[in-house]
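To keep things clear, I will list the structure first and then write my remarks on it.
Note on naming: letters A, B, ... go to the chains in the order of the sequence lines (proteins, then strands), and numbering restarts at 1 for each one. Values in this document were obtained by computation on a predicted structure and should not be read as measured data.
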Amino acid sequence: MGQTNTLNGAVILIAILFLFLLSIPFIISFNPKLSLIFSSVIYLLLSVFLLFSLLYGFAKFPLLLPFSAQLSKLFGLRSSTSDHITYLTTIPYLKFSYLFDNLSLFFGFLIAFLGFISSLYSFNYLYEEHYKNKSLFVILFNGFIISMLFVVFSANGLSFLIFWEIMSILSFFLVLFEYEKEESKKAANLYIIMTHIGTFFIFLLFLYMFMKTGSFSFEAWKHLGISGGLSVAGMTIIFILTLLGFGMKAGIFPLHVWLPKAHLEAPSSVSALMSGIMIKTAIYMMIRFYFEFMKSYGWGFGFTILLIGALTLIYGVLNAGIQDNIKRLLAYSSMENIGIMLMALGLAMIFYSQGMYLLCAFAMMALLFHIMNHALFKGLLFLGSGAIASQTHTKDMNKLGGLVKKMPAASFIFLIGVLSAATLPPFNGFVSEWMIYQSLLMASSVNIEIIKVFTPIFASVMALAGGLAALAFVKAYGISFLGRARSQGANSAKEPPFLMLVSMGILAFLCFLLGIFSFIGLMPINKVVKEITNISIYKNIAISYGSIVTLPKYSLGIISPVGLLAAGIIFMAAVYLFIKIFGNMKIRIFETFACGLENKDVYNISDSQISKNVCNAGNSNNHEGNNDNTNNDNINAYTKINNAQYSSTGFSQPLRRIFEKMYNVKENLINEEYKRKYFFPVKNYIFKAGDLFECFYNSFASKFLEKISKLRAYIQGGVVQTYIAYIVGTLIILLIWVSWFYHAG
Amino acid sequence: MWNDILNLKVALIGIAQILILIIIAPFINSYINKIKSILRGQRGRPLLQGYKDIFKLIRKEVVLSEDASYISKIAPYIVFVSILVSACFLPVFSPQALLSFTGDIIALVYTIGLGTFFMALYGMDQASSFGGLGSSRDILIASLAEPTLMLVIFAFALQTKTTNISQIFIDIHKNGFLNYPVSYVFALMAFLIISIAENGRIPVDNPDTHLELTMVHEAMILEGSGRHLALFEYSSYLKLIIFITLASNIFLPIGIYSGVSSSISSFSFLTILYAILFYILKVLIFATPIAFIEISMAKLRFFRVPDFLMLGFVLSIISLVLYSI
């Protein structure tokens, strides 16, 4: 029932072309390899197209296609100034309308680019992991990416909800992809329940907006903001509903419970997409609501977001530090980064509400740059964790180790991701984190006492999180890549196949590039910021030599990543030369001191040796967890294999102990049955680290269900007489009602 | 033409500043040790022992674990260079720091963080139990010290409305700390606590022992030898001098440093010399209390360290509140 009403014939044509192209991977999904190659090429084209249209605008496109005017005439399309494409349907209110403004183009570009990377990666990954239904995977995977694209391009509440739901359900199926595993089922169930609670709030939100404007289109909602037709109460309702609805998807504290589980169980290329971009579609809608639909609000909303961001940040990073499963660690780190983004969003909102548009533009730029950077490095790290898991068949860091020699290229790429995620110079995470610090400092010029007092405290929270993120990533890299293999699987690992390395390598290169030449990334972001705040600050903040400065009016600081790198290289060369000339360059290789234990490849030794070693270790084991193999989620104990190396659980023991109250950790040391208790004892160390809030919700839900079921048992007692009494009672009440009220009426 | 000469002079001053830091770093360490020895009634090592140690280590061969990877080979260099680069941000006796345009005080913290990161990786690279222990503890202490450091930094950045270190120093030298004297005292105490924690001195860590239970920093570099150990040792000397320089320039803002932006035209060798001598004097003044603290306290148990750092955090909050009022 299509009826079109458009901006530009060429764009419509390109959109139709891309729709056609995007359907090809579905059609040829019977051949997964071919389909993935096709889809990666299409996503690459699409991302280039979206980036180009973001940078230069759609206006240039007719020039590219000289015959477009004729074609438009041929198809009867009209050009207009509106940037919407609308397809009317026969159902009232249900319009599929699409919006290509800079904000959605930016997110669309990130989705398409990450889609390109992960399809490239999946080409080999599917076969490395030996998944059974490869064609099904391809269909779900492409559907997931395309639904995300439609989500960010939707310009109508109802069509947005439809695609949002498709996105959620397809990602649910992808989380459930290894459906034989019990953990997958649990994680997927939790995910679908929580995401639907979120969708429920979004539905309420959209209904409220519909009540206020009488329309589902974003255009009308924008007018609502401009006309100022919202009371403070209405504003608060919208704010709370957005926070609950979109916050659920973003995984804000304390609605994050689904996030680590779902990211853990999904195939790695899907986790990269989920963490890299899906959770940020929620941030995208928050930006839309707070900067376009709600125009004028007090600073309290921004401060709330800032506070929630800080809580999310600190909770995420504290939990990331103690995880033994590499993908869970990365998932909690995503939560931390969502916290950073929310802090930047909160700052931007505070500035926006105070009418300080210049500062708002800066904070907005920091936010969008961090979104971009996080998509790159977290995508890289999840893909890297997939490479590890596919080669060693485990995600438990206590069974990894020594991979740096087994997969040198992958380990180097992963190192770059780890450095970016730990927000260290000269990589991209540092630049956006620095910009957020500067925005925080500039918040002190807001003339509100509470904000002035709290900004340094927020900064110290961010600093603590930065330090603990470094701890988490030292652990992730040090335990899984360095040292010596802790299991047979890790020992027999090999370098992942070529395309997996290439796709990760592209992301690593971009992490480095954006860390050094950050202005490349800031250029497209500036377009988005300009659209929201009407201020172009790119010229102000990025000066030559690749420096980034804060705004001239608030000249707070300046960094030049290029200068940092150059200085580093010069010093490195100088130090190297100095040692080469005056020192000794010889290296002798020798074995590591293993505290008197046998320093052999421990996983090959027999049972008798195990018990001997455990006995020996018992004496020197004052730092508990030194030789504990653990499993994460389910109580799964097995005999310790002693190894002089530090384990993952041991590494985080000080953190666990210091922040004891923040965790739901259970540890136990129990004697093996039928083994001697004092002489050569064999002990099992049981370690379980769950999420505090998951535990809390579970106990709450179980209590609630218990109450409900008791009530049900009371009402539905199984006695027939009672039921008859119910029927009679209902009949009498109905009769009274009908005779009294209806008759009178 | 004039600008070129001026820039040359600025660059020369910048290079002189970084050289000063590099040269006096081992001396300060020996100086602290000497004072400790004198207080104990010992004669102590000679003041030039630090230099001799470094040269001795550089000339020795490296013994590397068979489990070690390329991380072990590059980490010492990266640690040392990251400390050097962050030292370049730091104006020592004149506001013309060599790299003041590339980084501010936040970048300084994060560049030092890069060094800590690689040192922790180095500790885990040799598959030894001590390395992992040291890395785990060291990076935890560093991350717990970070909020206090950032809070102190933010307190000064808010006062001076900049994060550029040169600018902060110039402002403080110009105005002195008489505006907020009490706030400064608390900030100084907080800064002392973080400096102790970040540099692994008593009571947080003992740089002189190799006892398994107590060591943090030493455990991490236990496998280091030869030039690698020399680089690690030198970077810990440099890190200490960076913190002392920060403290001495913020909390003792007197000297020829002030008003230098105009005195660049009256650039003369003698003023520079005076400035250097004055700087060294200030550093010696600030290094002495460290020796006194080390001699009068015992090392804290590891799980008491967070309490100690919490004290620093509270002090910095008090400082901030006093400033805001």
Testing the 3.5 Å rule here: is there a donor-acceptor pair between the side chains of A/Ser652 and A/Lys475? yes
Hey, could you give me each pair passing side chain to side chain donor-acceptor pair (under 3.5 Å) that has a residue in residues 449-460 of chain A? Not counting sequence neighbours. none
Need one label for A/Phe458: side chain, backbone, both or neither, based on atoms under 4.5 Å from any heavy atom in chain B. neither
So, the part of A/Phe578 with a heavy atom under 4.5 Å from chain B: the answer is side chain
Side-chain donor-acceptor contact under 3.5 Å, B/Thr116 with B/Asp138: no
Test your reading of the model: is there a side-chain donor-acceptor pair from A/Arg486 to the backbone of A/Asn491, 3.5 Å cut-off? no
Which atoms of A/Tyr437 are under 4.5 Å from chain B, going by heavy atoms: the side chain, the backbone, both sets, or neither? both
Interface residue of largest heavy-atom contact number with chain A, from B/Gly132, B/Ser72, B/Ala157, B/Cys88, under 4.5 Å: B/Gly132
Need one label for A/Ser445: side chain, backbone, both or neither, based on atoms under 4.5 Å from any heavy atom in chain B. neither
Check each atom of A/Ile457 against the heavy atoms of chain B and say whether the ones under 4.5 Å are side chain, backbone, both or neither. both
Just distance, no hydrogens or angles: give the donor-acceptor pairs under 3.5 Å from side chains in residues 147-156 of chain B, sequence neighbours left out.
none

Is chain B contacted by the side chain of A/Val404, its backbone, both, or neither, given a heavy-atom distance below 4.5 Å? side chain
Is chain B contacted by the side chain of A/Met585, its backbone, both, or neither, given a heavy-atom distance below 4.5 Å? both
